[in-house]
Amino acid sequence: MKVGAVFPQIESGTDPVALRDYAQAVEAMGYTHLVIYDHVLGASTTTRPGWTGPYSNESLFHEPFVLFGYLAGLTRTMELVTAVIILPQRQTALVAKQAAEVDLLSGGRLRLGVGVGWNAVEYEGLNEDFSNRGVRSEEQIALLRALWADPVIDFHGRWHTINQAGLNPLPPRRSIPIWIGGYSEVTLKRVAQLGDGWFPWRPLDDALRGQLERLHGYAQAAGRDPASIGLEPQLSLARLPEATWETFVRDWQDLGATHLCINTMGLGHTSLDAHIASLRMIKERLGF
């Protein structure tokens, strides 16, 4: 099982030197990948007294592709993972272009996690349709893979038309792994049919175990080996009692998790150095 770190987006600050030092420290400790969340716009709660979203305009979010472009030249081996890019609120060809560039600059180290999001305010600001985001994302995934595979493509879908055009440069591998986040039943089917992996970031309870079983069933129905679909749970140090950390990791290993990411947000840290210290602590504690 590969173990990565969750970049502490909302607690990361804006010092580019500190961002560099954080990424290099994570890599030097032996973490195999760095996971970054995505939000483009934050809604102001001033005129939304009933706002229930987990983030607002006061939540700091670095743009994942730009940050990964910066970190690509400052790291050497660490996989760069979006978890997740909110795909349907972005133009598909532009995502393909940005992802291909990051993959090129990093020497083939990008893993593109995608999801459909929850923030209608953000969709409105980006001039994209919130209501059909799920089904539209399926066509987007097909188009991404087509654009990465061939220099020139013809693509005629419900929402996208490309006539004899393509990307240059292409990603080094002519493909980029696409993982999917989300928990609805239609998302599980989407993972089973289209995804290279799934991010199950909810508590490992009977409900999530049931979802995993159904995911395996959907994969078999689609003619896929369930073991070919990666799994990356998240160990959030602030949300799980310390006494349960080892059990959490062991249970997911038994369930076939291929990856694990460690989230250090929510611990009260006020610097990236403090996040680094927590990553060092948990690595030594669990023997990664």
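Every value quoted in this text rests on a predicted model; they were computed, and no experiment measured them.
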Between Y37 and W201, is the ring-ring contact (aromatic ring centres under 6.0 Å, His included) condition met? List the steps.
CA-CA 13 Å; Y37 301 172; W201 284 0; 5.7 Å; yes
Apply salt bridge (Lys or Arg N to Asp or Glu O under 4.0 Å) to the pair E139 and R158, showing each step before the final yes or no.
CA-CA 8 Å; E139 182 172 300; R158 181 177 174 185; over 6 Å; no
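- Of the possible donor and acceptor atoms, none in the side chain of E232 sits under 3.5 Å from a partner among the backbone N and O of T258.
- Judged by distance alone, with hydrogens and angles left aside, the side-chain atoms of D38 form a donor-acceptor pair with the main-chain N or O of I86 at under 3.5 Å.
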Do T82 and F68 pass the side chain to side chain contact (heavy atoms under 4.5 Å, CB included) test, and can you show the C-alpha distance, the side-chain angles, and the key distance before you say yes or no?
CA-CA 9 Å; T82 64; F68 275 158; 3.9 Å; yes
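- Here R145 pairs with D196 in a salt bridge; the nearest charged N to carboxylate O distance falls below 4.0 Å.
- The structure places OG1 of T161 at 10.0 Å from CG of L143, a figure rounded to the nearest 0.5 Å.
- Here OG1 of T244 is found 4.5 Å from CG of L240. Values are rounded to the nearest 0.5 Å.
- V116 and W198 fall into different hydrophobic clusters, where Ile, Leu, Val, Met, Phe, Trp and Tyr side chains are chained together by heavy-atom contacts under 4.5 Å.
- Within the 3.5 Å criterion, the main-chain N or O of S44 finds a donor-acceptor partner in the side chain of R48.
- Annotation: side chain to side chain donor-acceptor pair (under 3.5 Å) contacts involving residues 59-81, sequence neighbours excluded, comprise S12-H62, E27-T77, E63-R90, T75-R109, E79-R111.
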Go through it in stages, so that I can follow the logic: the residues are L34 and L71, the test is side chain to side chain contact (heavy atoms under 4.5 Å, CB included), and I'd like the CA-CA distance, side-chain angles, deciding distance and then a yes or no.
CA-CA 10 Å; L34 184 65; L71 297 181; 3.9 Å; yes
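- A donor-acceptor contact under 3.5 angstrom links the side chains of E122 and H39, judged on distance only.
- Taking CG from L272 and CG from D21, the interatomic distance works out to 9.0 Å, rounded to the nearest 0.5 Å.
- Between the T92 side chain and the Q140 main chain, no donor and acceptor come within less than 3.5 Å of each other.
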Start with the C-alpha distance between E128 and R136, add both sets of side-chain angles, then the distance that settles salt bridge (Lys or Arg N to Asp or Glu O under 4.0 Å), and finish with yes or no.
CA-CA 11 Å; E128 294 293 346; R136 189 157 44 86; 3.6 Å; yes
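- By the 30° and 60° cut-offs, the orientation of the rings of W118 relative to Y55 is tilted.
- Under a cutoff of 6.0 Å and an axis angle of 45°, K283 and F288 do not form a cation-pi pair.
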Does the pair V26 and F7 meet the rule for a side chain to side chain contact (heavy atoms under 4.5 Å, CB included), with working shown?
CA-CA 10 Å; V26 170; F7 177 72; over 6 Å; no
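- Taking 4.0 Å as the cut-off between side-chain N and carboxylate O, R285 and E242 count as a salt-bridged pair.
- No more than 12 heavy atoms of other residues, nucleotides or ligands sit less than 6.0 Å from atom CD of Q91.
- Under the 3.5 Å distance criterion, the side-chain polar atoms of D150 are left unmatched by any main-chain donor or acceptor of V152.
- Of the inter-residue distances, the one linking N263 atom CG with L235 atom CG reads 8.5 Å to the nearest 0.5 angstrom.
- At a threshold of 4.5 Å between non-hydrogen side-chain atoms, the residues P8 and Y22 count as touching.
- In this structure, L41 CG and N57 CG are separated by 10.0 Å, a value rounded to the nearest 0.5 Å.
- In this structure, CH2 in W148 is found 4.5 Å from CG in L144, a value given to the nearest 0.5 Å.
- W159 and F155 fall into different hydrophobic clusters, where Ile, Leu, Val, Met, Phe, Trp and Tyr side chains are chained together by heavy-atom contacts under 4.5 Å.
- For S271 and D273, the side-chain atoms include no donor-acceptor pair closer than 3.5 Å.
- Applying the side chain to side chain contact (heavy atoms under 4.5 Å, CB included) criterion to S228, with sequence neighbours excluded, gives R224, D225.
- The same ILVMFWY cluster, assembled from side-chain heavy atoms under 4.5 Å apart, contains both M29 and V3.
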Please step through side chain to side chain contact (heavy atoms under 4.5 Å, CB included) for the pair L267 and T264, ending with a clear verdict.
CA-CA 6 Å; L267 293 171; T264 57; 4.3 Å; yes
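- The same ILVMFWY cluster, assembled from side-chain heavy atoms under 4.5 Å apart, contains both I141 and I153.
- Taking the six-membered ring wherever Trp is involved, the centroid distance between the rings of H259 and W179 falls below 6.0 Å.
- At a threshold of 4.5 Å between side-chain heavy atoms, the hydrophobic network of Ile, Leu, Val, Met, Phe, Trp and Tyr places V40 and F61 in two separate groups.
- With hydrogens and angles disregarded, a donor-acceptor distance shorter than 3.5 Å links the side chain of Q24 to the backbone of L74.
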